[in-house]
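Heads up, the thing below is written out as structure tokens.
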Number of protein chains: 4
Amino acid sequence: MKEKMMDTIIELFGKKGFQGTSIQDIVEANGVTKGTFYYYFKNKEDVLVHIHQSFIDHLLEGQEKIITNEDLSNCEKLNRIVELLIHNIRTNGHSALVFFQEMRHLSEEKTAIILPKRQQFQENIQKVLEEGMKAGEFKKDLRADMLSYAVLGMANWSYFWYEPDGEVNEESLTDLYMQMIFKGIEEETNDH
Amino acid sequence: MKEKMMDTIIELFGKKGFQGTSIQDIVEANGVTKGTFYYYFKNKEDVLVHIHQSFIDHLLEGQEKIITNEDLSNCEKLNRIVELLIHNIRTNGHSALVFFQEMRHLSEEKTAIILPKRQQFQENIQKVLEEGMKAGEFKKDLRADMLSYAVLGMANWSYFWYEPDGEVNEESLTDLYMQMIFKGIEEETNDH
Amino acid sequence: MKEKMMDTIIELFGKKGFQGTSIQDIVEANGVTKGTFYYYFKNKEDVLVHIHQSFIDHLLEGQEKIITNEDLSNCEKLNRIVELLIHNIRTNGHSALVFFQEMRHLSEEKTAIILPKRQQFQENIQKVLEEGMKAGEFKKDLRADMLSYAVLGMANWSYFWYEPDGEVNEESLTDLYMQMIFKGIEEETNDH
Amino acid sequence: MKEKMMDTIIELFGKKGFQGTSIQDIVEANGVTKGTFYYYFKNKEDVLVHIHQSFIDHLLEGQEKIITNEDLSNCEKLNRIVELLIHNIRTNGHSALVFFQEMRHLSEEKTAIILPKRQQFQENIQKVLEEGMKAGEFKKDLRADMLSYAVLGMANWSYFWYEPDGEVNEESLTDLYMQMIFKGIEEETNDH
DNA sequence: GATGAATGAGACTTCATTCAT
DNA sequence: TATGAATGAAGTCTCATTCAT
């Protein structure tokens, strides 16, 4: 029951926003009464916390597997992290929307739990970039911090426009993006 | 007066969100009464529309100047568009936040006005990419559409984390980003 | 079990009031579930009735023993009734609080049972005063009805402020009060 | 308007208790809407605070006039304070009820304002008793603290039963009570 | 004897908005 | 140009209670 409600709520939050979704909306969408909602959840924020928790935990877990895999080059690691992000956004679009847009409505207390995890994810990307620079896979003297944000922005922004059922599937999209990130878009001239 | 109120409201919307900001908040922040608010604005959405309008109009205007400037290469045009975006986000952070996060709360009618302008901005980037490809500035066979989103994501995402007073100024940030977009981050081997 | 719950509930009602105490509060304080509460009690009022019943029954019983004891003067009877009251308030403070403050929340039907008993207690005091007047123990021409209320007020009010562990024990307090009631506080002059 | 509402609310609180009175009850009794209530009052507690404030302030003010009047003996002062109390309870019965029964529902913060005033009133009575003892008006070695509570209890209890339109008016009631307090009820024997 | 899922009414409160002045 | 009294719908949440197990 709780699971079923969570799914519905994620969809509602995704479509109408956290504040734009009333308890009334929630219980109507689930065919239950208000009492039932408050039987399963402490309050509306409680649901928001659950969504954030499981979204970022899922991401961190996936990321962890990638960065601790010693068989992978840093190049490949970066590739897979971007793939992970895009895949996640495609599969859990509404969760992603909530995650990126509704952080504001977490209480200070809950933010203190979620925010560090978000930062962890970014720092892990930064670390991959740094390792790759050391290993000679990436150019020296890059700003790993800024670039990690660029990578994140590029991937995350896809929740705004990416149509999972469109002509470009997620693997292709990842490839496209990684091509740009690795090789750039400029036509290579032969004067070097 | 209206201008003064607009500024305060943008800040409030930026900090607390559109739905999170009550008329009460607005009039208190301005030291006026509710009547005054409704003297100057039709309703709350009215303000939101103003913010969206002027933000996107300002961007489109800037973009227009860049793309119609025949002295510029497409490379340079892209560079300047990114600079425009980052500059705008830095200078009008709250407006940017509202623009990117509160579109949902526009009525259908108003969305019909704003949304095409947003798309216009993206399409203009796409067009620069396409022209650049034709002109041999960019690699052939790039997906101009997807890449335009990548560029937008990268730039826009900066409103989440970019600290205007931090160690990296906006020109450097633009350079960093353009370096990656143009040349990529991979260490060039000499086997080509 | 029922007894154990009653004790907890009395304390809760005393501290937070009848309406201020929720079934949730009750079952939490007892480490049981709501179902359990309704297994033992018909509803919340049911508990309130029990509390009132046993409090007033206990008082009336004690009072009965005193007033039917033919060895006692009316003076002594009054003394013992006041002692009974103060002792009861000291020992069952929370019950007393509930008894004096939460009568309002009894249904009409239940009020019809409890109220006459309360009045009985007051009338019994009144009767002792009247008997004492007839017997020449008390001054003639007193208003026994009004004075019975005075005695009740004085004694009952102690539930507001009396600290059982304070420097004055209940016997001393009774003595103090009876001294005032019997002899008054005015300095006796010898001009009579 | 606010005044009019206050009066109605006092009556409602008096009859049904603070928690037993809903905002719905209040606005219905006043023929206005809920919005109107919240236009005039911050919340329900706000009204309760007002009631407490004005009740105790009124009492303290009256008491102040009495105890600072140097023409009065302490005997007379005590008499007048009791009269003040009984008069107040008679005239503002509902306020008195609220004052004595609904203190619990004040927030800690507001209690911190009201409670000291209540204690002030009691201490002022105590002081009159002490002064009277020093002046030889009252017996030596009385417990002024305990007796002040007795006097308060006696007078305050009248809100439970005193019928303003009954056969005993407030002056007579005060006299009755003062007679008891001053002279006691015991028949004086001539063996002293 | 005891549970816990579910209810639905109703609690307090906030809100955007109107309108006579 | 600005006010402030008034609205009523809708918001979040709590509550006493029931009932199948």
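First the proteins, then the strands, lettered A, B, ... as listed; each starts at 1.
The D:Thr33 side chain lies nearest to F:dT7 when the options are F:dG11, E:dA11, F:dT7. In the set F:dT7, F:dT3, F:dG11, F:dT7 carries the atom at the smallest distance from any side-chain atom of D:Val32. Set against F:dA16, F:dA9, E:dT7, the side chain of D:Lys34 has F:dA9 as its closest nucleotide.
In this structure, CH2 in D:Trp161 is found 12.0 Å from CH2 in D:Trp157, a value given to the nearest 0.5 Å. In this structure, the separation between CD1 on A:Ile51 and CD on A:Glu45 is 11.5 Å, given to the nearest 0.5 Å. For the atom pair NE2 (B:His94) and CD1 (B:Ile9), the distance works out to 13.5 Å, reported to the nearest 0.5 Å. In this structure, the separation between CD1 on B:Ile113 and CD1 on B:Ile56 is 13.5 Å, given to the nearest 0.5 Å.
Taking atom C1' on both nucleotides, E:dG1 is separated from F:dT21 by 13 Å, rounded to a whole Å.
A:Lys44 has its NZ atom 9 Å from the P atom of F:dG11, to the nearest Å. Put simply, CD on A:Gln19 is 10 Å from P on E:dA16, counting in whole angstrom units. When rounded to the nearest whole Å, the span between CD1 of A:Ile23 and P of F:dC13 equals 6 Å. Across the protein-nucleic acid pair, C:Ile26 atom CD1 and F:dA16 atom P stand 7 Å apart, rounded to whole Å. Distance, D:Phe13 CZ to E:dC12 C1': 12 Å, rounded to whole Å. Between the CG atom of D:Asp25 and the P atom of E:dC12 there is a distance of 8 Å, rounded to whole Å. Taking atom CD on D:Glu28 and atom P on F:dG8, their separation rounds to 13 Å, with Å as the unit. Rounded to whole Å, atom C1' of F:dT1 lies 15 Å from atom NZ of B:Lys4.
For the pair D:Glu45 and A:Gly31, both in contact range of DNA chain E, the more 5′-proximal nearest nucleotide belongs to A:Gly31.
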- Message: Output the pairing pattern of DNA chain F as a dot-bracket string, 5' first, Watson-Crick or G-U wobble with both distances under 3.5 Å, | for cross-strand pairs, [ ] for crossing pairs.
- Response: .||||||||||||||||||||

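With hydrogens and angles disregarded, no donor-acceptor distance shorter than 3.5 Å links the side chain of A:His58 to the backbone of A:Ser54. A donor-acceptor pair under 3.5 Å is absent between the side-chain atoms of A:Lys117 and the main chain of A:His52, judged by distance alone.
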- Message: Evaluate B:Asn30 against B:Tyr40 for side-chain contact (heavy atoms from CB on, under 4.5 Å), listing each step before the verdict.
- Response: CA-CA 13 Å; B:Asn30 279 90; B:Tyr40 286 110; over 6 Å; no

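Contact record, B:Val98 with B:Phe13: CG2-CB, 3.6 Å, taken as the closest heavy-atom pair.
For the contact set between residues 35-43 of chain C and DNA chain F, defined by any heavy atom under 4.0 Å, the members are C:Tyr38, C:Asn43.
A donor and an acceptor atom, one from each side chain of D:Asp25 and D:Ser22, are located under 3.5 Å apart.
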